[in-house]
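Presented below is the structure to which this report refers.
Convention: sequence-line order gives letters A, B, ...; per-chain numbering from 1.
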Amino acid sequence: MRLATWNVNSVRARVDRIIDFAVRESIDVLAMQEIKCKAEQFPFEMFEDAGYHVEAHGFSQWNGVAIASREQLTDVEHAFPGMPGFEKDHAGPDAPQEARAIGATVGGVRVWSLYVPNGRSLGDPHYFYKLEWLSALQQYTSETLATTPDLALALTGDFNIAPTDADNGDPAVVQGFATHISPPEREAFAALESAGLTDVVRPLVPTGFTYWDYKQLRFPRNEGMRIDFILGSHALATAVTGAAIHRNERKGKAPSDHVPVVVDLDLASPEDDDDRPMIFG
DNA sequence: ATGACTCAATGCTTGAGA
């Protein structure tokens, strides 16, 4: 299975580019973020004509997530358990949730398309919302892997965190003044790894950015950030046979400001189950 | 060239992105 994640920055503005990429690269499962439309506005038919089923989750022109898949998607969820919402400058379990997470199972993999809140600026209510959201995601991950340790779980998406200094090449993003690189955000990212997840792309693609601001010639100058990730459980990580960051998708006419991140998975087929450890006896 | 921001909306300016 070839699994990709891509913050598309409006699915309607560049549906042709997205489908061209998916078909050209033989993507089986494409997790999208920032579709920037309501679910009913998603261009389902164009994806269906290209051979993809789509599950979309969006409420407005902001955020929104979706998963396209050549195989049928099952057990769709429009939020992970405990995901906080945001209302009137505060986050919390009782505030209305935004369309920032969609989960589905395909080919034995539990795939999440995640759009972590931006944070805006240090100390902004959205910054605390971001940290709370990440904390809830960590808790969901811990609980899931405690009950189903052999689950092939993939948390994919735009995490809006540059985990190391090498992941930030944008001179406007400065420690002490900017989000994405602050210690609490990096600690939240590390907590996901402590919960049992691994960045499955970095071992195979050690350097490179996934996002470049549209402003200030950031792309020609290669002043980008690495903020889009595929985090996998042990069962997922051991199935990885390849990975790529498609930098070329930032070129040409009307690109997204993010590029696709891809992994190849060699998952045990159901008939191989006899060779695998039994979890439920 | 990879080139000086882009997208969506009860739109002609504003909010969000990071």
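Annotation: ring pair (Phe, Tyr, Trp, His ring centres under 6.0 Å) contacts involving residues 8-35 of chain A, sequence neighbours excluded, comprise A:Trp6-A:Phe21, A:Phe21-A:His246.
Here the separation of B:dA8 from B:dG3, taken at their C1' atoms, is 25 Å to the nearest Å. Atom name P, nucleotides B:dT10 and B:dA16: the rounded distance is 14 Å, in whole Å. When the P atom is used for both B:dA4 and B:dG17, the distance is 23 Å, rounded to whole Å. Here, B:dA18 and B:dT6 have their C1' atoms 13 Å apart, quoted to the whole Å.
A:Val174 belongs to a hydrophobic cluster whose remaining members, ordered by chain and number, are A:Phe177; membership requires side-chain heavy atoms of ILVMFWY residues under 4.5 Å apart, directly or through intermediates.
Below the 3.5 angstrom threshold, one finds no donor paired with an acceptor across the side chain of A:Asn160 and the base of B:dA18.
Atom CZ of A:Arg221 is separated from atom P of B:dA1 by 18 Å (rounded to the nearest Å). Atom-to-atom, CG of A:Asn118 to P of B:dA18 comes out at 5 Å; the value is rounded to the nearest Å. Atom NZ in A:Lys130 sits about 10 Å away from atom P in B:dG17, given to the nearest Å. Between the C1' atom of B:dG17 and the CZ atom of A:Arg218 lies a distance of 14 Å, rounded to the nearest Å. Rounded to whole Å, the distance from CE on A:Met225 to C1' on B:dG17 is 12 Å. Rounded to a whole Å, the CZ atom of A:Phe219 is 16 Å from the C1' atom of B:dT6. Note: CD (A:Gln33) to C1' (B:dG17) measures 14 Å, nearest angstrom. Atoms NZ (A:Lys251) and C1' (B:dT2) sit 6 Å apart, rounded to a whole Å.
With sequence neighbours excluded, the residues that form a side chain to side chain donor-acceptor pair (under 3.5 Å) with A:Ser142 are A:Gln138. With sequence neighbours left out, the salt bridge (charged side-chain N to carboxylate O under 4.0 Å, His left out) criterion links A:Asp213 to no other residue. Considering only residues two or more places apart in sequence or on other chains, A:Arg70 meets the side chain to side chain contact (heavy atoms under 4.5 Å, CB included) condition with A:Ser26, A:Asp28, A:Tyr52. Remark: A:Asp264 engages A:Arg2 in a salt bridge (charged side-chain N to carboxylate O under 4.0 Å, His left out) (not counting sequence neighbours). Judged as a side chain to side chain contact (heavy atoms under 4.5 Å, CB included), and not counting sequence neighbours, the contacts of A:Ser10 are A:Arg12, A:Ala13, A:Arg14, A:Lys36.
At B:dA18, one or more side-chain N or O atoms of A:Asn7 fall inside 4.0 Å of OP1 or OP2 (strictly under the cut-off). A sub-4.0 Å separation between OP1 or OP2 of B:dG3 and a side-chain N or O of A:Arg250 is absent. Using a 4.0 Å cut-off, some side-chain N or O of A:His258 falls inside it from OP1 or OP2 of B:dA18. For the OP1/OP2 pair of B:dC7 and a distance below 4.0 Å, the side-chain nitrogens and oxygens of A:Arg14 include at least one atom meeting the criterion.
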Decide side chain to side chain donor-acceptor pair (under 3.5 Å) for A:Arg110 and A:Thr105; before the verdict, give the C-alpha distance in whole Å, the side-chain angles of both, and the deciding distance to 0.1 Å. CA-CA 4 Å; A:Arg110 187 67 185 161; A:Thr105 298; 2.9 Å; yes
For A:Met83 and A:Trp133, run side chain to side chain contact (heavy atoms under 4.5 Å, CB included): C-alpha distance rounded to whole Å, both residues' side-chain angles, the deciding distance at 0.1 Å, then the answer. CA-CA 6 Å; A:Met83 188 181 102; A:Trp133 201 94; 3.4 Å; yes
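Place A:Lys215 and A:Arg247 on DNA chain B by their nearest nucleotides, and A:Arg247 ends up nearer the 5' end.
Within the nucleic acid shown, A:Arg100 comes within 4.0 Å of sugar-phosphate atoms alone, with no base atom in reach, counting heavy atoms only. Residue A:Asp124 is out of contact with every strand shown, counting any heavy-atom pair closer than 4.0 Å. Among the heavy atoms of the strands lying under 4.0 Å from A:Arg120 are primed sugar atoms or P, OP1, OP2 only; no base atom is included.
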Protein-nucleotides 8-14 of chain B N/O pairs closer than 3.5 Å?
residue : atom : partner : partner atom : Å
B:dA8   : OP1  : A:Ser10 : OG           : 2.4

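Remark: of the listed residues A:Arg120, A:Glu98, A:His90, A:Glu98 is the sole one forming a side-chain hydrogen bond (donor to acceptor under 3.5 Å, both in side chains) with A:Tyr129.
For the segment residues 170-193 of chain A, the set of residues with a heavy atom within less than 4.0 Å of an atom of DNA chain B comprises A:His180, in numerical order.
The distance between the ring centers of A:His126 and A:Phe128 does not fall below 6.0 angstrom.
For A:Tyr115, whose side chain is taken as the heavy atoms from C-beta onward, the closest listed nucleotide among B:dA18, B:dT2, B:dC5 is B:dA18.
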